[in-house]
Amino acid sequence: MIGADELWMALSAPALGHPEERHDLARIRLLGRNGDQWTDLGNAFPDGVSPGSREWSAHATIS
């Protein structure tokens with residue numbers, strides 16, 4: 001599985017002055033985990049291909 005024991009999805013957004021300003025910039029990122037080692041696998045969706053107007057999510061784990 002993409003060279004990882006676990007595949008995680010998490011929301012990432014830049015730290016801007018006001019939380020509302022982050023809504024349009026938030027992206028779902030993929031993370032691979034092997035024991036204590038984490039690897040950032042990049043954005044879950046290519047630029048411009050979000051499944052809705054914004055990307056929002058809790059976290060998801062596949063192991």
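Note: hydrogens, waters and symmetry copies are ignored here, and every other heavy atom, side chains too, is used.
- Checking side-chain atoms of D5 against main-chain N and O of R33 turns up no donor-acceptor pair under 3.5 Å.
- Take D40 and apply the salt bridge (Lys or Arg N to Asp or Glu O under 4.0 Å) test, not counting sequence neighbours, and it matches R29.
- The distance from atom OG1 of T39 to atom CG of L30, rounded to the nearest 0.5 Å, is 12.0 Å.
- Considering all non-hydrogen atoms of both residues, G32 and L41 come closest at N-CD1, 3.7 Å.
- Residues that satisfy the side chain to side chain contact (heavy atoms under 4.5 Å, CB included) test with D47, not counting sequence neighbours, are R27, N43.
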